[in-house]
Amino acid sequence: MVDKIEDLSLPGAIVQRIVKDALPDGVNVGKEARNVLGRAASVFVIYLTASATNTARSHSRKAITGQDILDALEEMEFEDFLEPLKEFQEAFRKSEQEKKNRKKESKATAQNEEEEIVGE
């Protein structure tokens with residue numbers, strides 16, 4: 001768990017980049033505001049994690065899944081986040097499957113090449 005309140009803050013550069021991307025051009029955010037946003041985001045992540053942990057435990061699991069996060073967000077009444085996160089989750093799964101398939105294909109190609117060399 002967290003020992004000091006300072007441990008709750010996200011890195012300032014990351015917070016600044018996220019805030020900058022979310023706001024229109026010409027809008028500036030002060031250092032204090034960025035620090036508060038970083039802490040608020042960290043607290044939100046901790047709260048979401050605790051809620052997702054409860055969901056996982058209710059299903060007799062120790063590991064949190066993506067679905068636990070989605071269920072926790074719904075329980076916390078953040079339904080507006082669900083659809084974009086489900087889309088992200090689907091894209092992530094598809095990307096991981098493609099990586100897995102490429103790795104299998106690469107391994108099979110290497111094995112075929114090795115067999116050709118040995119067969120000569």
Side-chain angles (χ1 to χ4, degrees):
M1 209 55 201
V2 177
D3 293 332
K4 300 180 282 187
I5 191 76
E6 294 82 25
D7 294 340
L8 291 177
S9 292
L10 294 170
I14 293 173
V15 173
Q16 184 173 352
R17 187 176 67 223
I18 292 170
V19 170
K20 184 180 177 186
D21 290 346
L23 295 175
D25 290 338
V27 177
N28 295 316
V29 178
K31 184 177 179 181
E32 182 181 6
R34 284 192 307 270
N35 288 336
V36 172
L37 283 168
R39 288 231 173 108
S42 297
V43 169
F44 177 77
V45 169
I46 290 167
Y47 178 50
L48 178 58
T49 303
S51 184
T53 300
N54 291 337
T55 301
R57 285 183 181 157
S58 73
H59 291 100
S60 303
R61 289 184 281 106
K62 292 183 179 180
I64 297 171
T65 66
Q67 189 59 49
D68 293 331
I69 299 293
L70 296 174
D71 292 345
L73 284 167
E74 188 170 8
E75 183 179 313
M76 294 164 51
E77 299 182 9
F78 283 93
E79 290 89 1
D80 292 347
F81 290 1
L82 293 177
E83 198 55 41
L85 288 174
K86 285 179 183 178
E87 290 172 11
F88 171 80
Q89 184 180 34
E90 184 60 34
F92 176 78
R93 286 178 178 165
K94 187 176 180 179
S95 171
E96 290 297 302
Q97 187 61 46
E98 288 171 359
K99 286 180 191 175
K100 197 179 213 182
N101 291 342
R102 281 194 302 270
K103 188 174 181 181
K104 278 183 184 178
E105 289 172 8
S106 177
K107 192 173 184 180
T109 301
Q111 188 174 11
N112 288 341
E113 290 173 357
E114 185 177 311
E115 288 172 0
E116 288 176 9
I117 294 170
V118 171
E120 290 179 355

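- At distances below 3.5 Å, at least one donor-acceptor pair connects side-chain atoms of Thr53 with backbone N or O atoms of Thr49.
- Evaluation of the ring-ring contact (aromatic ring centres under 6.0 Å, His included) test over residues 51-76, restricted to residues two or more places apart or in two chains, returns none.
- Under the 3.5 Å distance criterion, with hydrogens and angles disregarded, a donor-acceptor pair is assigned to the side chains of Asp68 and Thr65.
- Rounding to the nearest 0.5 Å gives a distance of 11.0 Å between OG1 of Thr55 and CZ of Arg57.
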Side-chain donor-acceptor distances from residues 70-78 under 3.5 Å, at least two apart:
unit_1: Asp71; atom_1: OD1; unit_2: Gln67; atom_2: NE2; d: 2.9

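- Glu105 and Asn101 form no side-chain donor-acceptor contact under 3.5 Å, judged by distance and modelled atom types alone.
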(request) Determine, stepwise, if the pair Glu96 / Lys99 fulfils salt bridge (Lys or Arg N to Asp or Glu O under 4.0 Å). (result) CA-CA 5 Å; Glu96 290 297 302; Lys99 286 180 191 175; 3.3 Å; yes
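- With a 6.0 Å radius and a threshold of 12 heavy atoms from other residues, nucleotides or ligands, Arg93 has its CZ atom at or below the threshold.
- Ile46 and Ile14 sit in two unconnected hydrophobic clusters of ILVMFWY residues. Membership requires side-chain heavy atoms under 4.5 Å apart, directly or through other members.
- Heavy-atom contacts from other residues, nucleotides or ligands closer than 6.0 Å to OH of Tyr47 number 12 or fewer.
- Cluster membership for Leu23 and Val15, using ILVMFWY side-chain heavy atoms within less than 4.5 angstrom, is shared.
- For Lys31, there are no side-chain hydrogen bond (donor to acceptor under 3.5 Å, both in side chains) partners two or more places apart in sequence or in a different chain.
- Between the Ser106 side chain and the Arg102 main chain, no donor and acceptor come within less than 3.5 Å of each other.
- Both Leu82 and Ile64 belong to a common hydrophobic cluster when Ile, Leu, Val, Met, Phe, Trp and Tyr are linked at side-chain heavy-atom distances under 4.5 angstrom.
- Formation of a donor-acceptor pair under 3.5 Å by the Ser51 side chain with backbone atoms of Leu48 is not found in this model.
- Phe81 and Leu37 fall into different hydrophobic clusters, where Ile, Leu, Val, Met, Phe, Trp and Tyr residues are linked whenever their side-chain heavy atoms come under 4.5 Å apart, directly or through other members.
- Side-chain atoms of Arg34 come within 3.5 Å of backbone N or O of Val29 as a donor-acceptor pair.
- Atom NZ of residue Lys20 and atom CD of residue Gln16 lie 7.5 Å apart, to the nearest 0.5 angstrom.
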